[in-house]
Amino acid sequence: MARPASMSKRDNEKKKQSKRLEKQKRKEDRKLNNNKGASLEDMFVYVDENGMITSTPPELRKKEEIDLDSIVISTPKKTEVDNPVHKGRIEYFNESKGFGFVKELASVNKYFFHISASKVDIREGNIVFFELERGTKDLNAVNLRFEETPVEEKKEEIED
């Protein structure tokens, strides 16, 4: 910004003097409104039982005593499977990798199995009996054995 040419020395001195006075007023205001010397009680805030911030301390009420023996800190014990033998259908089987999934007929649960858990030749659609065992992530189907051959295979055998 360029200065106007009509500014004189006297005008510059008046501006400087007004800036000094303004600065002095701001300094005095800061001194008057200074919170550094406030008491410790004035600086505290409290949180009530509803989570709201207040300046008044909470009322001292009788505290409830809690029996320390009633507090349970542990993982729940593993529950044994009620029905050790389940019935299901082979939903998916990957022969090259040797794994698949069995869908339980009594519910919508699907369980992972590996071919090493079976002693029979498995195909998709087979109805099998199996047991459950805790795996690394979830329950796995083990000890797979046949109940009957799938309906499609029965039709092929009858036609032959």
Side-chain angles (χ1 to χ4, degrees), residues 1 22-160:
M1 282 169 101
E22 195 176 315
K23 186 176 180 180
Q24 186 67 29
K25 284 182 185 178
R26 287 194 311 255
K27 185 177 179 182
E28 289 173 6
D29 284 343
R30 279 195 309 266
K31 282 186 179 181
L32 290 175
N33 297 328
N34 187 1
N35 286 337
K36 284 187 179 178
S39 69
L40 188 61
E41 289 295 322
D42 293 338
M43 289 189 266
F44 278 141
V45 291
Y46 302 96
V47 179
D48 64 3
E49 63 270 1
N50 298 323
M52 303 299 293
I53 297 175
T54 62
S55 60
T56 59
E59 296 177 15
L60 295 176
R61 291 184 264 168
K62 185 178 178 185
K63 297 179 181 177
E64 295 179 27
E65 297 236 357
I66 299 173
D67 183 24
L68 296 179
D69 294 332
S70 67
I71 300 173
V72 178
I73 302 176
S74 65
T75 56
K77 292 182 179 179
K78 291 183 181 179
T79 57
E80 294 297 323
V81 181
D82 295 337
N83 186 2
V85 178
H86 300 271
K87 185 176 179 182
R89 173 177 278 116
I90 306 292
E91 288 289 310
Y92 173 78
F93 181 61
N94 186 334
E95 290 184 32
S96 63
K97 295 187 179 180
F99 74 92
F101 294 94
V102 177
K103 181 177 179 186
E104 189 175 15
L105 294 178
S107 67
V108 295
N109 298 334
K110 290 185 181 180
Y111 301 104
F112 173 84
F113 73 91
H114 192 267
I115 193 67
S116 62
S118 173
K119 298 174 185 167
V120 293
D121 187 30
I122 295 177
R123 292 186 185 165
E124 285 185 22
N126 286 96
I127 304 292
V128 293
F129 286 108
F130 61 95
E131 296 173 11
L132 294 177
E133 185 177 271
R134 176 78 48 198
T136 55
K137 293 184 180 179
D138 204 2
L139 293 173
N140 293 343
V142 293
N143 299 332
L144 284 102
R145 53 192 177 280
F146 285 125
E147 176 200 28
E148 59 185 59
T149 57
V151 177
E152 298 160 0
E153 289 184 9
K154 282 184 179 180
K155 288 180 183 177
E156 290 176 7
E157 290 175 3
I158 295 172
E159 292 174 2
D160 288 340

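Quick note: residue numbers are just sequence positions, from 1. As a basis for the values below, the full set of heavy atoms in this structure was taken, side chains included, without hydrogen atoms, waters or symmetry mates.
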Under the 3.5 angstrom rule, does the side chain of Asn50 hit a backbone N or O of Met52 as a donor-acceptor pair? no
Aromatic rings Tyr46 and Phe44: how do their planes relate, parallel, tilted or perpendicular, breaks at 30° and 60°? tilted
Is any side-chain heavy atom of [X] less than 4.5 Å from a side-chain heavy atom of [Y]?
{"X": "Leu139", "Y": "Arg134", "answer": "yes"}
{"X": "Arg123", "Y": "Ile90", "answer": "no"}
{"X": "Val85", "Y": "Arg145", "answer": "yes"}
{"X": "Val128", "Y": "Val102", "answer": "yes"}
{"X": "Ile115", "Y": "Phe93", "answer": "yes"}
{"X": "Glu95", "Y": "Glu124", "answer": "no"}

Just how far is it from atom [atom1] of [X] to atom [atom2] of [Y], taken to the nearest 0.5 Å?
{"X": "Asp29", "Y": "Lys27", "atom1": "CG", "atom2": "NZ", "result": "12.5 Å"}
{"X": "Lys137", "Y": "Phe112", "atom1": "NZ", "atom2": "CZ", "result": "9.5 Å"}
{"X": "Gln24", "Y": "Glu28", "atom1": "CD", "atom2": "CD", "result": "5.0 Å"}
{"X": "Glu131", "Y": "Asn143", "atom1": "CD", "atom2": "CG", "result": "4.5 Å"}
{"X": "Lys97", "Y": "His114", "atom1": "NZ", "atom2": "NE2", "result": "11.0 Å"}

Take a 6.0 Å sphere around CG of Leu32 and say whether it holds more than 12 heavy atoms from other residues, nucleotides or ligands.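 Yes, because the 6.0 Å sphere around CG of Leu32 holds more than 12 heavy atoms from other groups.
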Is the number of heavy atoms from other residues, nucleotides or ligands within 6.0 Å of CD (Glu91) greater than 12?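 Count over threshold, so yes.
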What heavy-atom pair brings Phe130 and Ala141 nearest, and what distance separates the two atoms?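 Answer, listing the atom of Phe130 first, then Ala141: CD1-CB, 3.6 Å.
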Which atom pair, heavy atoms only, marks the closest approach of Phe113 to Leu144? CB-CD1, 3.9 Å
